[in-house]
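Quick note: residue numbers are just sequence positions, from 1. This structure is a prediction, so every number in the text was calculated from the model and none was measured.
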Amino acid sequence: MKATMKEVAKLAGVGVGTVSRALNNGSIKESTRKKIDAAIKELNYQPDFYARGLKTNKTYTVALILPSVWHPFFSEFAFHVENYLEENNYKMFLCNSKEDITKEREYIQMVTQNKVDGIIGITYADIDEYISSNLPFVSIDRYFTEEVIYVTADNAAGGRLAVQELIKRGAKHLAYIGGYQETPNETKNRCEYFEIECKEQNIDYEILNVLEPITKDTWIQIEDFLKRHSEIDGIFTINDSLAVEVCQLLDKLGRNVPNEVQVIGFDGQQSREGEPYLVSTIVQPIEQMAKSAVELLLNVIQGKEVEKRTVLPVHFGEGWTTKSNI
């Protein structure tokens, strides 16, 4: 027979209203919450989220919009978002948008139609006109005309750090290789502050910054760029995936990584948790970004005031594509 909220309250020694507040993430003592959690576990109590939603006019679901789960950063981010939502008794809808404005607009409409309570979005499509400051929406990296909430790693510090780490390891002529979107977003700071740091360090540098998406023609451009600038001995790329591809191109051109050319990416990609980084990299705090995004969104859903911009620190992660700093 299915346990009831009343039975949970009796076992925990609290009122039914206190159990209800606990299930709705209301304000109760931590000691009381632990008693309720223990009673729920012992009785195997399953809250009726559908009925709960009818009473509160909430769905207890959040949509996560990603360009693609094929990218390791996006898939790891989704993993952590789902975990933190689950801890708060929320479910997640995953949207692989492929940067399709129609798909992204449909998810935004789901919020206005009360089909989901809010959205966490990594989006590069031109959806500016559909985003409003009163929409429960947390953006990752990107900002809009309307003052929406967004979470980002410190891309500016990352651009500077890449230069500093390459110089530490003896690089004398640096290059930035990256792709950019026309929509305004914080990732552009990686290139901008790479250049600023190079100038401040008085070191030679080159920049190849192409409009995304990256195509076959782009790879021809990158290969030609590397051929024309054989003096380059340190490269910073916009992300780890591009860093891996650049290393393959360098190998094709007969240039050894890391002895002749050192390469640093951005993201902190691993093949699995605990494994070495795929390349030397500027590591984004992916789990913390996910946690912050979930906390901010749930606070907005509950009508609380939150900070509009959250910037999280990055650090250097050593991989096989740079020399040891001795």
Side-chain angles (χ1 to χ4, degrees), residues 72-73 76 141 152-180 186-210 222-223 225-271 273-289 311-326:
F73 173 83
E76 185 177 343
D141 285 332
T152 184
D154 195 338
N155 293 279
R160 287 185 179 275
L161 184 57
V163 173
Q164 293 161 11
E165 293 294 338
L166 287 168
I167 292 174
K168 273 185 198 176
R169 289 161 174 76
K172 305 291 185 187
H173 197 123
L174 307 188
Y176 172 87
I177 300 177
Y180 67 93
E186 292 268 343
T187 62
K188 293 178 181 179
N189 285 335
R190 298 175 193 177
C191 177
E192 182 179 344
Y193 282 84
F194 166 88
E195 186 169 15
I196 289 170
E197 186 68 17
C198 283
K199 288 177 179 176
E200 289 181 5
Q201 297 275 0
N202 196 29
I203 191 164
D204 294 330
Y205 68 94
E206 313 294 336
I207 289 179
L208 178 64
N209 206 6
V210 296
I222 294 173
E223 185 172 348
F225 175 78
L226 293 172
K227 285 177 179 176
R228 283 187 291 107
H229 296 287
S230 57
E231 71 278 15
I232 290 169
D233 59 0
I235 297 173
F236 173 47
T237 64
I238 192 168
N239 58 43
D240 290 345
S241 297
L242 186 57
V244 170
E245 299 280 2
V246 165
C247 288
Q248 291 172 356
L249 273 178
L250 288 165
D251 182 63
K252 176 184 172 183
L253 297 172
R255 305 203 67 198
N256 181 270
V257 178
N259 293 326
E260 294 179 71
V261 186
Q262 300 182 72
V263 180
I264 294 177
F266 197 110
D267 278 343
Q269 287 183 25
Q270 301 162 286
S271 54
E273 191 175 6
E275 291 287 310
Y277 295 114
L278 297 183
V279 292
S280 293
T281 182
I282 305 302
V283 182
Q284 296 200 74
I286 304 176
E287 183 174 357
Q288 186 57 46
M289 290 172 75
V311 181
L312 298 171
V314 296
H315 67 272
F316 176 69
E318 189 167 5
W320 69 275
T321 59
T322 51
K323 300 173 186 176
S324 295
N325 180 29
I326 300 171

Step-by-step side-chain contact (heavy atoms from CB on, under 4.5 Å) determination, Phe316 to Ser280: CA-CA 8 Å; Phe316 176 69; Ser280 293; 4.1 Å; yes
What one should report as the nearest heavy-atom pair of Cys247 and Val257 is SG-CG1, 4.1 Å
Can you list the steps and then say if Val263 with Leu250 is a side-chain contact (heavy atoms from CB on, under 4.5 Å)? CA-CA 10 Å; Val263 180; Leu250 288 165; 3.9 Å; yes
Only pairs at least two apart or in different chains count here, so list each salt bridge (Lys or Arg N to Asp or Glu O under 4.0 Å) that has a residue in residues 233-250. none
Partners passing salt bridge (charged side-chain N to carboxylate O under 4.0 Å, His left out) against Arg255 (at least two apart in sequence or in another chain): none
Atom pair OG (Ser271) and CG (Leu278), whose distance is rounded to the nearest 0.5 Å: 6.0 Å
Scanning both residues in full, the closest heavy-atom pair of Phe236 with Gly158 reads CZ-O, 4.3 Å
Using ring-ring contact (aromatic ring centres under 6.0 Å, His included) as the criterion, list what pairs up with Tyr193, not counting sequence neighbours. none
Side chain to side chain donor-acceptor pair (under 3.5 Å) partners for Glu192, two or more places apart: none
Mind checking the CZ-CD1 spacing from Phe194 to Ile238? Nearest 0.5 Å is all I need. 12.5 Å
Paired with Leu208, the side chain to side chain contact (heavy atoms under 4.5 Å, CB included) test is passed by just one of Thr237, Ile222, Ile235, namely Ile222
Pairwise distance CG(Asp154) to CG(Leu312) - rounded to 0.5 angstrom: 9.0 Å
Does His173 form a side-chain contact (heavy atoms from CB on, under 4.5 Å) with Glu206? I'd like the steps, not just the answer. CA-CA 8 Å; His173 197 123; Glu206 313 294 336; 2.9 Å; yes
Who pairs with Ala153 by side chain to side chain contact (heavy atoms under 4.5 Å, CB included), at least two apart in sequence or on another chain? Gln284, Pro285, Met289, Val314
Can you tell me if Glu275 uses its side chain to pair, donor with acceptor, with the backbone of Gln270 under 3.5 Å? no
Go through the side-chain N and O atoms of Thr321 and Gln262 and say whether any donor and acceptor fall under 3.5 Å apart. no
For Tyr205, side chain to side chain donor-acceptor pair (under 3.5 Å) partners two or more places apart: Glu195
When rounded to the nearest 0.5 Å, the distance separating CD1 of Ile264 from OG1 of Thr281 is 8.5 Å
Counting C-beta onward and ignoring hydrogens, is there a side-chain heavy-atom pair between Val163 and Leu174 closer than 4.5 Å? yes
Contact between Phe266 and Asn155 at the side-chain level, heavy atoms closer than 4.5 Å - yes or no? yes
Applying side chain to side chain contact (heavy atoms under 4.5 Å, CB included) to Gln164 and not counting sequence neighbours gives Arg160, Leu161, Glu197, Gln201
Sorted by chain and residue number, the side chain to side chain donor-acceptor pair (under 3.5 Å) partners of Glu165 (sequence neighbours excluded) come out as Lys168, Arg169
Taking atom types as modelled, find out whether Asp141 and Thr152 have a side-chain donor-acceptor pair closer than 3.5 angstrom. yes
Test ring-ring contact (aromatic ring centres under 6.0 Å, His included) applied to His229 - qualifying residues, sequence neighbours left out: Phe225
Spatial distance of atom CD1 (Ile203) from atom SG (Cys198) [nearest 0.5 Å]: 6.5 Å
Going by side chain to side chain contact (heavy atoms under 4.5 Å, CB included), name the residues that satisfy it together with Glu223, two or more places apart in sequence or in a different chain. Lys227, Leu249, Lys252, Leu253
With rounding to the nearest 0.5 Å, note down the distance linking CD1 in Ile286 to CZ in Phe73. 5.0 Å
In chain order, what residues pass the side chain to side chain contact (heavy atoms under 4.5 Å, CB included) check against Glu273, with sequence neighbours excluded? none
Heavy-atom donor-acceptor pair, Asp267 side chain to Gln269 backbone, under 3.5 Å: no
Residues which pass side chain to side chain donor-acceptor pair (under 3.5 Å) with Glu186, listed by chain and number, not counting sequence neighbours: Tyr150, Asn189, Arg309
Testing the basics here: between Cys191 and Asn209, what is the closest heavy-atom pair and its distance to 0.1 Å? SG-ND2, 3.8 Å
